[in-house]
Amino acid sequence: EMKKFGVYLSYTDSGDLIEWDGKSSFTSKKDVLIETYDDHRMAMGFAPVCLKTGEIRLSEPMVVTKSYPGYWEDLMKCGFEVEEVGEKGNKVTR
């Protein structure tokens with residue numbers, strides 16, 4: 001999913017670590033849909049990226065209920081805006 005922002009990561013030879021190539025840099029893009037792969041960490045980890053991009057869309061935002069049912073409400077208490085956009089998941093802005 002980081003490739004969608006121009007960042008390229010790869011696994012180390014041992015396969016237990018992910019590393020950045022040291023060359024690619026983050027490119028702020030709008031209207032990016034992040035796939036969460038049914039993983040709460042993807043939704044929670046990518047939501048704050050809107051601080052850099054202005055907005056971000058997440059494919060399965062409610063996956064956060066696995067570990068943090070109040071995540072979206074707490075994010076809104078911190079000043080983020082969370083908007084349901086139908087089949088495209090949630091859009092998060094700040």
Side-chain angles (χ1 to χ4, degrees):
E1 295 305 296
M2 291 298 291
K3 284 182 187 178
K4 293 177 180 179
F5 298 104
V7 176
Y8 294 90
L9 305 171
S10 61
Y11 286 101
T12 58
D13 291 336
S14 61
D16 59 350
L17 295 173
I18 298 174
E19 61 186 5
W20 171 54
D21 68 4
K23 298 175 187 171
S24 61
S25 60
F26 188 90
T27 303
S28 182
K29 296 179 182 178
K30 288 193 175 220
D31 203 33
V32 173
L33 177 65
I34 298 297
E35 295 297 332
T36 57
Y37 306 100
D38 202 32
D39 187 333
H40 57 122
R41 296 167 297 183
M42 292 293 288
M44 291 167 49
F46 272 96
V49 170
C50 73
L51 293 170
K52 182 80 170 165
T53 63
E55 70 178 50
I56 195 163
R57 290 183 301 124
L58 303 165
S59 66
E60 298 173 72
M62 295 316 293
V63 73
V64 301
T65 60
K66 291 179 181 179
S67 63
Y68 193 162
Y71 181 73
W72 300 117
E73 291 80 13
D74 287 348
L75 212 57
M76 288 187 283
K77 288 176 186 174
C78 294
F80 289 81
E81 293 181 27
V82 179
E83 175 186 353
E84 289 185 41
V85 288
E87 292 180 20
K88 295 182 180 181
N90 273 12
K91 179 170 69 172
V92 182
T93 58
R94 172 123 167 132

Donor-acceptor contacts, no H, no angles, side chain residues 36-45, under 3.5 Å, sequence neighbours left out:
from, atom 1, to, atom 2, distance (Å)
T36, OG1, E60, OE2, 3.4
Y37, OH, E1, OE2, 2.5
D39, OD1, R41, N, 2.8
D39, OD1, R41, NE, 3.0
D39, OD2, R41, NE, 3.4
D39, OD2, R41, NH2, 2.8
H40, ND1, S67, OG, 2.7

[X] versus [Y]: any side-chain heavy-atom pair under 4.5 Å?
X	Y	answer
Y71	V63	no
F5	I34	yes
M62	E84	no
L33	S59	yes

What pair of heavy atoms forms the shortest contact from G6 to S24, and how long is it?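 Looking at all heavy atoms of both residues, the closest pair is O-CB, 3.1 Å.
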
So which heavy atom on K52 is nearest to which on F26, and how close?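 Shortest heavy-atom separation between K52 and F26 comes out as CG-CE2, 3.1 Å.
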
Using 0.5 Å steps for rounding, measure from the CD atom of E55 to the CZ atom of F80. 13.5 Å

When rounded to the nearest 0.5 angstrom, what distance separates CZ in R57 from SG in C50? 13.5 Å

Give the cluster check for Y11 versus L9: same hydrophobic cluster or not, with ILVMFWY residues linked at side-chain heavy-atom distances below 4.5 Å. yes

Hydrophobic clustering (ILVMFWY, side-chain heavy atoms < 4.5 Å, transitive) - are Y8 and V49 grouped together?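 V49 and Y8: separate clusters.
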
Please determine whether the number of non-hydrogen atoms from other residues, nucleotides or ligands lying under 6.0 Å from atom CG of D13 exceeds 12. no

Worked check of side chain to side chain contact (heavy atoms under 4.5 Å, CB included) between E73 and Y68: CA-CA 10 Å; E73 291 80 13; Y68 193 162; over 6 Å; no

